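Since the model is a prediction, treat every value here as computed from it, not as a measurement. Below, chain A is the first sequence line, B the second, and so on; all start at residue 1.
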Amino acid sequence: GQSLEQPSEVTAVEGAIVQINCTYQTSGFYGLSWYQQHDGGAPTFLSYNGLDGLEETGRFSSFLSRSDSYGYLLLQELQMKDSASYFCAVSPTRGKFQFGAGTQVVVTP
Amino acid sequence: DVKVTQSSRYLVKRTGEKVFLECVQDMDHENMFWYRQDPGLGLRLIYFSYDVKMKEKGDIPEGYSVSREKKERFSLILESASTNQTSMYLCASSLQTGDVNTEAFFGQGTRLTVV
């Protein structure tokens, strides 16, 4: 079967840097994605890694190491609006997305 | 903009009722998904469809069935609703580009309460 592990909660102050780790076990691998969800809202796509390395999108970066079955999302220059849940999602087969339990990021002033 | 529309935001049904949750996407995406979201458990895949009339079970298909008669529409059916199916249900769609799973677009969710 498939499993994904990520921390349940991270707290940081405005302006700080936060790293959310995700380790996975899957029978197949077609990429690792990250999604953000604010309270009461729908998940929205942040980034995708299909190959090893770092992908940067503004203040957010995502990293993948396929040999370690590991990835992370890096949130830089934290802002209050970054308070949300963050989900890693693995694609174990073509087309399918399976999500982790999510990490609640709490940003304090 | 891609739009994924779920037919209801809130739904209250009685135990034993047959419940239909409808989802429509307007971007001609091949893939459509139904997830349920419960606190501390993240998003769990119920069913996945990669084409019209094609479906695959996800992690928690028991008590659910799906229908995809047209590309833009994916329905989730609770054959006989039970209280443990009280949850937030999220529909999503994505475009398949070769072997790459492009981003999933989510609807706003249906909060289903079974009493």
Side-chain angles (χ1 to χ4, degrees), chain A residues 1-9 20 22-51 55 57 60 62 64 66 71 73 84-105, chain B residues 1-6 9-10 23 25 27 29-52 54-61 68 71 74 88-111:
Chain A
Q2 277 81 227
S3 71
L4 292 96
E5 288 191 18
Q6 55 181 126
S8 58
E9 186 171 318
I20 303 170
C22 175
T23 56
Y24 60 87
Q25 277 189 304
T26 60
S27 50
F29 184 81
Y30 286 80
L32 186 74
S33 306
W34 290 92
Y35 288 77
Q36 179 192 61
Q37 185 181 31
H38 287 100
D39 275 351
T44 55
F45 173 82
L46 289 176
S47 69
Y48 168 81
N49 294 74
L51 300 173
E55 294 285 338
T57 311
F60 295 176
S62 59
L64 174 67
R66 288 174 295 170
L73 180 70
S85 292
Y86 293 82
F87 296 90
C88 60
V90 69
S91 296
T93 62
R94 190 174 174 275
K96 194 185 281 190
F97 295 96
Q98 291 195 284
F99 286 77
T103 298
Q104 179 79 38
V105 171
Chain B
D1 272 359
V2 174
K3 196 162 185 186
V4 179
T5 304
Q6 295 183 229
R9 283 302 300 271
Y10 300 94
C23 175
Q25 50 97 0
M27 282 300 289
H29 285 171
E30 292 87 355
N31 301 325
M32 295 190 75
F33 312 83
W34 276 106
Y35 293 90
R36 64 176 279 178
Q37 184 171 24
D38 301 287
L41 296 178
L43 285 74
R44 292 181 291 167
L45 182 63
I46 305 172
Y47 267 99
F48 159 55
S49 170
Y50 50 93
D51 203 348
V52 174
M54 306 306 287
K55 61 187 179 186
E56 251 185 55
K57 291 181 181 178
D59 297 319
I60 52 164
R68 192 158 179 212
K71 192 174 186 179
F74 193 34
M88 172 67 83
Y89 290 87
L90 289 163
C91 175
S93 73
S94 74
L95 181 69
Q96 190 68 37
T97 307
D99 282 342
V100 175
N101 296 341
T102 62
E103 64 181 283
F105 294 86
F106 283 84
Q108 285 301 308
T110 297
R111 171 75 64 187

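When all heavy atoms of B:F106 and A:F99 are compared, the pair lying nearest together is CZ-CZ, 3.7 Å. Annotation for A:G95 and B:S94: closest pair O-OG, 4.4 Å, computed over non-hydrogen atoms.
Proximity of B:E103 to A:Y35: side-chain heavy atoms (C-beta onward) are separated by under 4.5 Å at one or more points. Considering only heavy atoms from C-beta on, A:F87 comes within 4.5 Å of B:Q37 through its side chain. Counting heavy atoms from C-beta outward, A:F97 and B:Y35 have side chains that approach closer than 4.5 Å.
For B:L43, the parts lying under 4.5 angstrom from a heavy atom of chain A are both the backbone and the side chain. Using a 4.5 Å cut-off between heavy atoms, A:Q37 touches chain B through its side chain atoms alone.
Side chain of B:Y50 to backbone of A:K96: no donor-acceptor contact under 3.5 angstrom is found.
With respect to chain B, the highest number of heavy-atom pairs below 4.5 Å among A:P43, A:A42, A:G100 belongs to A:P43. Of all the listed residues (A:G102, A:S85, A:G31, A:S91), the one sharing the greatest number of non-hydrogen pairs under 4.5 Å with chain B is A:S91. Contacts with chain A were tallied for B:E30, B:Q108, B:M88; B:Q108 has the most, counting heavy-atom pairs under 4.5 Å.
Distance check: A:T44 OG1 to B:F105 CZ gives 10.5 Å after rounding to the nearest 0.5 Å.
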